[in-house]
Amino acid sequence: MAATSTRYILICSGKGGVGKTTLTANLGIALAKQGARTAVLDADFGLRNLDLLLGLENRIVYTAQEVLAETCRLEQALVKHKQEPNLALLPAGNPRMLEWLQPDDMRKIAAMLGEHFDYVLIDAPAGIEGGFKNAMAAAREAIVVTTPEVSAVRDADRVIGLLNSEGVKPIQLVLNRVRPKMMANQEMLGVSDVTDILALPLLGLVLEDEQVIVSTNRGEPLTLTGNSSPAGRAYTNVARRLQGEEVPLIDPSKGRQGLRAKIGRLMQTKIF
Amino acid sequence: MTLLDVINKLLGRQPASANTAKQRLQLVLAHDRSDLNPELLQQMRREILEVVSRYVEIDFEEGDVTLETEDRVTALVANLPIRRAKLPAPAPISEPSLENELSS
């Protein structure tokens, strides 16, 4: 496929710990499984973790640093996933690279990847400073990850402002770590509250799921081992929607049948 | 207000927190997005009220100038209940200078 049709997607959130890297790893595997040649680029040079979540930490020889310095070829630095050969990781270099890395360096790396891949997923660092701006420079479109919490939504809003000013689009939203029970009790921001405030289309909705922790322990993203868990299914659906497939979003209030759920819905009725 | 809110109120419990979260977020985002600090907003509010009160008598107790945000667009919303118009209308201040500028 020609480089022009490659999609360069930034995965960002502003706030740390909301699930950027987990989404990147799972989405990368899911896209690869669906037949798309996918590269994941760890743009978090300070605190890299994408290698660990993909279970590739022991197979890194070269990084983006050597590629940029032209002391190795891109193919040498790319770490191919054993079970999903359509997926390759370009590891982040040494944290000291942050001292000299420029947006143009990231553009250069992304362009090199674009010659070999259909998707380039860029895992952005937390924050809105230099590291984030470098990562943003390599992207054409973005996925903003947030959770239904005030701090995460506020930080996502800052990031969306920066993406808008750089002309990155489309920007789509993944709402992570949703707890249906708390939403039903109105003790958590609702899905429409978040999409209204951020004014972004919803690309995916991921329920809070303990299996995510289990999968990171093993270094095997949920999308790799089938779709037995709710979060794994949600990540696979995000990949399918990215590919243009129409997949209905799950409704967090559904699946809760019976009397308790009915009372919960009754309690939400607006009476005045 | 929802049924849950009413029950919570009757039982003397705190209302559900999601709505509080949404309101607090909307307020803080309006300020974040406009990049106006509260002090500057306060000053602008005073000056707007001052200008408007030259023309009409406003109810200062009820009046409010706030930032509101919807669909990523932030608007300055002034809600100023008018007691009555001031008569006679004061002479416009800026018009002569404006004319000068235009003719020159």
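FYI, side chains are in, hydrogens and waters are out, and symmetry mates aren't considered; it's all heavy atoms of this structure. Below, read A as the first sequence line, B as the second, and so on, with proteins coming before strands; counting in each chain starts at 1.
- Contacts of Ile160(A) with chain B are made by both backbone and side-chain atoms, with heavy-atom separations under 4.5 Å.
- Considering only heavy-atom pairs separated by less than 4.5 Å from chain B, the leading option among Val153(A), Asp196(A), Ile197(A), Asn164(A) is Ile197(A).
- Around the CZ atom of Arg48(A), the shell of radius 6.0 Å holds more than 12 heavy atoms that belong to other residues, nucleotides or ligands.
- For Leu47(A), the CG atom is loosely surrounded, since the number of other residues' heavy atoms within 6.0 Å does not exceed 12.
- Once rounded to the nearest 0.5 Å, the distance linking CG of Leu189(A) with CG of Leu25(B) reads 6.0 Å.
- To the nearest 0.5 angstrom, Asp32(B) atom CG is 9.0 Å from Asp155(A) atom CG.
- Remark: Arg154(A) CZ to Arg24(B) CZ distance equals 9.5 Å, nearest 0.5 Å.
- Heavy atoms of other residues, nucleotides or ligands lying less than 6.0 angstrom from CD1 of Ile213(A) number 12 at most.
- Between chain B and the options Met182(A), Met183(A), Met188(A), heavy-atom pairs under 4.5 Å are most frequent for Met188(A).
- Taking the side chain as every heavy atom from C-beta outward, Asp157(A) and Arg33(B) approach each other to under 4.5 Å.
- For Glu245(A), the CD atom counts as densely surrounded, since its 6.0 Å shell holds more than 12 non-hydrogen atoms of other residues, nucleotides or ligands.
- Around CZ of Arg179(A), the count of heavy atoms belonging to other residues, nucleotides or ligands within 6.0 Å does not exceed 12.
- Distance alone, capped at 3.5 Å, places no donor-acceptor pair between the Glu187(A) side chain and the Ala16(B) backbone.
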